[in-house]
Amino acid sequence: MKRACVIGWPVAHSRSPLIHNYWLKKYGIAGAYTKEALRPEAIAGFLKSLDAHGFVGCNVTVPHKEAAFAAADVKEDSALAVSAANTLWLDGGKLHAANTDTYGFMTHLGLSAPGWNTHKGPVAILGAGGAARAIIFGFLEAGVEEIRVFNRTRARAEALALQFGPRIKVGDWAERAGASRDACVLVNTTSIGMGGQGTLNIDFEHFDPACVVSDIVYVPLETELLARAQTRGLRTVDGLGMLLHQAVPGFEKWFGVRPEVTEELRNLLVADIAGG
Ligand SMILES: NC(=O)c1ccc[n+]([C@@H]2O[C@H](COP(=O)([O-])OP(=O)(O)OC[C@H]3O[C@@H](n4cnc5c(N)ncnc54)[C@H](OP(=O)(O)O)[C@@H]3O)[C@@H](O)[C@H]2O)c1
């Protein structure tokens, strides 16, 4: 029986088991997917002997994504671009690493807001952490000419501009609304709005009516940012679809079936989020 898991510290909050165990059941695969709580000092040893622990691979959550990247023998471009990995698998005795957040975000955006780049406008990114890096990489790969990054700590946004090159333009945090009005997509990658805490204070006045507003926070499912954008009639994209789609490549690597993100699976997660 093939086994995979999610590693983190803490890991109890992870919804990955819900997703992967749904797919194992749906496709009739005799496999298992569990949560493994691992302290930072235990990561290197655990990943070196993933096989001996009985796993074919794993997902990686906070705070182990950088350590997982460092431990891998083979790193896909998606992981190299963000120097962090959220998906690991064994192949030919080697540990492979990918960062599937890029795939998850871009796939969900494409499905939920088709034509998001029709008017070729700039993209606005709020935040400059790990998730921002993965998403910026996705927009660069998609051919976006200009990506404006606004972060509370400006130096972190500048570091992204250095890493990703001249298509990244850094703005002050205070300019995040005024300087995003002509954007084709605005994405919140900060943790503001998580658990209903904090506000980004953007009312979307004078925004291009074609602007798509995306929030990668998915608890609550409808964040204050998305609610405000909807009030102005803008198209919105929630964070749950990113979580669901980022799980697809890992499941395929471990269990050999490319799984489908269905309405039934989404509803399972929605009910879990509503239940706290
Ligand atoms: N939907 C999904 O599948 C998915 C995937 C990955 C992450 N996420 C969510 O995305 C969020 C960010 O994750 P991450 O891994 O990128 O975290 P991270 O690396 O810790 O980055 C956090 C970002 O939020 C900003 N921030 C935090 N508190 C702030 C505040 N009070 N005011 C202004 N900015 C603030 C930080 O700004 P500074 O640099 O100034 O500190 C930084 O840009 C989390 O809520 C996470 O759960 C969702």
Side-chain angles (χ1 to χ4, degrees), residues 6 8-16 18-20 59-69 78-79 81-87 98-109 111-112 124-138 147-161 163 168 170-177 186-202 213-226 236-250 261 265-266 269-270 272-273:
V6 53
W9 184 260
V11 77
H13 65 282
S14 174
R15 291 188 165 88
S16 290
L18 258 185
I19 301 172
H20 292 288
N59 281 130
V60 185
T61 187
V62 178
H64 300 325
K65 293 182 183 181
E66 284 79 14
F69 174 75
S78 60
V82 298
S83 302
N86 70 349
T87 304
N99 193 314
T100 64
D101 278 344
T102 304
Y103 169 83
F105 178 83
M106 297 306 292
T107 302
H108 180 49
L109 177 66
L111 290 170
S112 307
I125 304 284
L126 311 183
R133 286 208 301 272
I135 290 169
I136 287 169
F137 179 61
I147 300 176
R148 298 177 189 159
V149 182
F150 306 93
N151 194 48
R152 177 181 60 179
T153 310
R154 191 182 162 109
R156 283 184 91 187
E158 281 165 357
L160 292 188
Q163 179 190 348
I168 310 300
V170 176
D172 279 340
W173 181 240
E175 296 171 338
R176 64 191 178 280
L186 176 139
V187 189
N188 173 40
T189 75
T190 76
S191 42
I192 296 176
M194 182 88 155
Q197 299 300 302
T199 174
L200 284 156
N201 250 329
I202 298 179
V213 179
S214 165
D215 200 333
I216 69 165
V217 168
Y218 57 87
V219 180
L221 203 51
E222 186 184 84
T223 59
E224 188 214 25
L225 183 79
L226 297 184
T236 58
V237 177
D238 67 37
L240 180 56
M242 175 182 176
L243 179 76
L244 295 170
H245 285 283
Q246 65 75 34
V248 168
V261 173
L265 172 60
R266 191 183 151 87
L269 274 284
V270 170
D272 188 66
I273 290 167

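Just so you know, residue 1 is the first one in the sequence shown, and it goes up from there. When a ligand or atom number is given, it counts from 1 through the structure's own listing order.
Among all heavy-atom pairs drawn from Val170 and Ala161, the shortest one is CG2-CB, 3.9 Å.
Although no hydrogens or angles enter the test, the distance criterion places a donor-acceptor pair under 3.5 Å between the side chain of Thr102 and the main chain of Ala134. Between the Arg176 side chain and the Leu200 main chain, a donor and an acceptor come within less than 3.5 Å of each other. Listed for the His108 side chain is a donor-acceptor partner under 3.5 Å among the backbone atoms of Asp238.
For the pair Ile192/Arg152, no side-chain contact is recorded, criterion being any heavy-atom separation below 4.5 Å from C-beta on.
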For ligand 1, list all ligand N or O to protein N or O distances below 3.5 Å, rounded to 0.1 Å.
unit_1	atom_1	unit_2	atom_2	d
ligand 1	1 (N)	Ile216	O	2.9
ligand 1	1 (N)	Gly239	O	2.9
ligand 1	3 (O)	Leu243	N	3.3
ligand 1	16 (O)	Gly130	N	3.2
ligand 1	16 (O)	Ala131	N	2.8
ligand 1	19 (O)	Gly130	N	3.0
ligand 1	31 (N)	Arg152	NH1	3.3
ligand 1	37 (O)	Asn151	OD1	3.3
ligand 1	39 (O)	Asn151	ND2	2.8
ligand 1	39 (O)	Arg156	NH1	2.8
ligand 1	40 (O)	Arg152	NE	3.0
ligand 1	40 (O)	Thr153	N	3.0
ligand 1	40 (O)	Thr153	OG1	2.5
ligand 1	41 (O)	Arg152	NH2	2.9
ligand 1	43 (O)	Ala128	N	3.0
ligand 1	43 (O)	Asn151	OD1	2.7

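Here Phe150 pairs with nothing under the ring-ring contact (aromatic ring centres under 6.0 Å, His included) rule; sequence neighbours left out.
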